[in-house]
Amino acid sequence: MKEGFAIGAGLIVVGLLLELSAGPVVWDAFAWPVNAIVLAGFVALILGLHLLRSRVYAFRFLSTYPAAIPAMCYAVMLTIVMGLTRQTAGGQWINNMLTFWPFVLVYVYMALIVGLVVLKTPLKTKSASKIVAGLFHLGLFITMTTATLGNADRQRLKMIVAKGEPEWRALDQQGRVKEMPLTIELKEFILEVYDDGSPRRFASQIEILAPSGKKIQTTVDVNKPVKVEGWKVYQYGYDTQKGARGLHPTSSSICLPMPWLGLPHSLRFTCS
């Protein structure tokens, strides 16, 4: 256990030094196909460590509980810090934990341990508990690696859509204009309020021209996305001042989540 906690502490120290010298992790540098190459190299590393475990004590140690439990403690601790602090896309240090080197290194270390545990599971075992444990660790490994490396392919875009005016352009987080494969046209904005004037429900009746050329008429509510050819369309918000005056233009923000996890692209609406 002492060795395990020492390794975790060492990773945090190295991470802090990297944060001070090189700045936060730049996930854009791992965009496809770089992330696929990194994943292949990471798997090859795990396989090499597994094959040499009988010769090198340190490699054997990585697939044991004294290594896994301290690593899990550090990961939980950093995750709690992440949950208790405000996370912003342009935040620094603990305010953007996904780019914070100590957080990233600890989770990479955890993925390494989980990968070695998967390879350590006997292939011909008849024990149901070992089979279940092996499948659990395999699923965990896939989730950790793809969620981390797939983050580089994620984009958040905002599209402004006015009533009766088809829109296919969107803005990324740096304010750059991007043409989208979807065209959105607002047909009607629905705003329902309580007696005091606060919003009870807002939704958009829209027409979507899908990448295949198919036109889709649908209504999008908050937290009730519509799936369109690999995209998810969300209602996100609205301009409260214009909404209060009964005007019904709308804007939408588009989000491209991690395709590595099999998630569709997603489109979020916000009404202005």
At what distance, to the nearest 0.5 angstrom, does [atom1] of [X] lie from [atom2] of [Y]?
X: Arg86; Y: Asn95; atom1: CZ; atom2: CG; result: 9.0 Å
X: Tyr57; Y: Leu62; atom1: OH; atom2: CG; result: 9.5 Å
X: Leu140; Y: Thr145; atom1: CG; atom2: OG1; result: 9.0 Å
X: Phe103; Y: Ile94; atom1: CZ; atom2: CD1; result: 12.5 Å
X: Ile113; Y: His137; atom1: CD1; atom2: NE2; result: 10.5 Å
X: Gln92; Y: Glu19; atom1: CD; atom2: CD; result: 7.0 Å

Checklist line | Donor-acceptor under 3.5 Å (Arg53 side chain, Phe59 main chain) | finding: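 Between the backbone of Phe59 and the side chain of Arg53 there is no qualifying donor-acceptor contact (under 3.5 Å).
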Find out whether [X] and [Y] are in side-chain contact, i.e. whether some heavy atom of one side chain is under 4.5 Å from a heavy atom of the other.
X: Phe100; Y: Leu18; value: no
X: Trp101; Y: Leu16; value: no
X: Ser204; Y: Glu188; value: no

[X] and [Y]: which non-hydrogen atoms are nearest, and at how many Å?
X: Thr218; Y: Ile208; result: CG2-CD1, 4.2 Å
X: Val14; Y: Leu105; result: CG1-CD1, 4.1 Å
X: Arg169; Y: Val177; result: CB-CG1, 4.1 Å
X: Leu182; Y: Ala210; result: CD2-CA, 3.8 Å
X: Glu185; Y: Glu165; result: CG-N, 4.1 Å

Notebook entry, point to check: Should Ile206 and Leu209 be counted in the same cluster of Ile, Leu, Val, Met, Phe, Trp and Tyr side chains packed under 4.5 Å apart?
Noted result: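 No, separate clusters.
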Notebook entry, point to check: Any link between Leu20 and Val25 through a network of hydrophobic side chains (Ile, Leu, Val, Met, Phe, Trp, Tyr) touching at under 4.5 Å?
Noted result: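 The answer is yes; both residues are in one hydrophobic cluster.
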Note to self: Heavy-atom count check: over 12 atoms from other residues, nucleotides or ligands less than 6.0 Å from Glu192 CD?
What the structure shows: yes
Notebook entry, point to check: Got a sec, which pairs hit side chain to side chain donor-acceptor pair (under 3.5 Å) with one end in residues 63-73, sequence neighbours left out?
Noted result: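 Matches after skipping sequence neighbours: none remain.
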Determine all donor-acceptor pairs shorter than 3.5 Å in which one atom belongs to a side chain in residues 66-84; sequence neighbours excluded.
residue : atom : partner : partner atom : Å
Tyr74   : OH   : Phe5    : O            : 2.8
Tyr74   : OH   : Ala9    : N            : 3.4
Thr79   : OG1  : Ala75   : O            : 2.6
Thr79   : OG1  : Tyr107  : OH           : 2.5

Margin query: I'd like to check the ring pair (Phe, Tyr, Trp, His ring centres under 6.0 Å) partners of Trp168; sequence neighbours left out, ordered by chain and number.
Written below: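 Per chain and number, Trp168 pairs via ring pair (Phe, Tyr, Trp, His ring centres under 6.0 Å) with no residue.
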Check: Once the angle between the rings of Phe141 and Phe42 is folded into 0 to 90°, is it parallel (under 30°), tilted (30 to 60°) or perpendicular (over 60°)?
Finding: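 Parallel, since the angle between the ring planes stays under 30°.
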Item checked: Listed once per pair and sorted, the salt bridge (charged side-chain N to carboxylate O under 4.0 Å, His left out) pairs that draw on residues 206-222, sequence neighbours left out -> Arg201-Asp221
Item checked: Apart from Leu17 itself, residues in the same hydrophobic cluster as defined by side-chain heavy atoms under 4.5 Å ->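 Its cluster mates, by chain and number, are Val13.
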Item checked: Which residues share a side chain to side chain contact (heavy atoms under 4.5 Å, CB included) with Leu119, sequence neighbours left out -> Ile46, Leu47, His50
